[in-house]
There are 2 protein chains.
Amino acid sequence: MIMSFSKGSVRSGNRAAKDLIADHGGRVTRTRVAVIEALQIAPAPMSHEDLGAALAADDIPHDRVTLYRALDWLVEQGIARRIAGSDRAWRFEVVRPDSHRHAHFHCDRCGRVICLESLQPSSAVSLPDGYQLDRAELVLHGACATCGDGPGSDNDPGQH
Amino acid sequence: MIMSFSKGSVRSGNRAAKDLIADHGGRVTRTRVAVIEALQIAPAPMSHEDLGAALAADDIPHDRVTLYRALDWLVEQGIARRIAGSDRAWRFEVVRPDSHRHAHFHCDRCGRVICLESLQPSSAVSLPDGYQLDRAELVLHGACATCGDGPGSDNDPGQH
DNA sequence: AATGCTATTGCAACATTGTAGCATTTACGT
DNA sequence: ACGTAAATGCTACAATGTTGCAATAGCATT
């Protein structure tokens, strides 16, 4: 989904993002800063496409490959988290101290992905002997509040 | 993962598969029958690649696109279920009456996907107002019993 | 068993998502 | 300001999936 944040919003208050990067021993670059800030103000996990559009909306030049690598690095550093959507594209969200592991809701009508902070999938899971659990990914599918309201009121925001 | 079922095993007892297809108003074709039977005897969800290899092992000619379309049809008819792996490839399993909704375990070391029949992710999930739940997909990540045994005993069966 | 209709197939071409290699640029410690 | 490794920005490629369309083949009917 194309998020149209107001121009300049991504550039404001970039102190935290820069520090985040520096604290992890990485170089503070245009793309990394912009990606972190876009993710920080995003209400939902963003795909590569989303991020590319967000950066373009802020007139931040970026390369497709650089975006991939910036996100790989963020995930590697534990700054961002990668979640698998039902389409085969990754989505990313910043790791916040308060919301450690939560489930995601994927609206099959409009394609939006929403974070469900209250649901912690990793708890209360028992595995067979010998299996080691690293993390659990819970994705709920259905219709979101906006799409589920009226039977015919599909308000597809134009994703894929 | 390449499953090497004994030759002919997929072709035997194909009565049920044919009936399944016919009961859903579809034409009984070589590829559909073979796919259903491969999925029925598979111990774990299969990717397109797996299925292609399984059909090839049984000397069943098949086209890549036909395979995709056969699986699409099976999912559409509710005969098979599509699950998203952590790589961006779909995996498929037959819908069995006894094991309705269960979780999956994805071994991050060897790539194997295992069905966890005992875990029913859709139960005990509370959504915000207005949200309609269709289905829940729970994927656990970690190391399976074989891979987790010895620290260095990675027995990768050859899957990416 | 032959016929006819149309659901499926099989092919080629394309779309999307993600990676690899490598020369060039840039962040940042000195 | 300088030097150097880290990142970038290309281009090319790989993997996965989709579309269009002519040819084939199920299956109901004769």
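Here the structure is a predicted model, which means the values were calculated and not measured. A, B, ... follow the sequence lines: proteins, then strands. Residue 1 opens every chain.
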Q: Check the pair A:H102 / A:H104 against ring-ring contact (aromatic ring centres under 6.0 Å, His included), numbers first and verdict last.
A: CA-CA 7 Å; A:H102 58 263; A:H104 293 100; 4.8 Å; yes
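Mapping B:R27 and B:Y68 onto DNA chain D via the closest heavy atom, the residue that lands nearer the 5' end is B:Y68. Between B:R30 and A:A89, the residue anchored closer to the 5' end of DNA chain C is B:R30, taking for each the nucleotide with the nearest heavy atom. Judged by closest nucleotide on DNA chain C, B:H62 is the one of A:R88 and B:H62 placed further toward the 5' end. Along DNA chain D, the nucleotide nearest A:R64 and the nucleotide nearest B:R69 are compared for position; the residue whose nucleotide lies closer to the 5' end is A:R64.
When both distances must be under 3.5 Å, the Watson-Crick or G-U wobble mate of D:dT30 is C:dA1.
Centroid-to-centroid, the aromatic rings of B:H141 and B:F105 stay 6.0 Å apart or farther.
Using a distance-only test at 3.5 Å, with no hydrogens or angles considered, a donor-acceptor pair links the side chain of A:R96 to the main chain of A:Q40.
With C:dC11, C:dT19, C:dC28 as the candidates, the nucleotide lying closest to the side chain of A:D72 is C:dT19.
For A:W90, a side-chain nitrogen or oxygen approaches OP1 or OP2 of C:dG18 to under 4.0 Å.
Contacts of A:R32 with the nucleic acid, taken as non-hydrogen atoms under 4.0 Å apart, involve only primed sugar atoms and P, OP1 or OP2. If you check every strand for non-hydrogen atoms under 4.0 Å, A:T29 touches sugar and phosphate atoms only.
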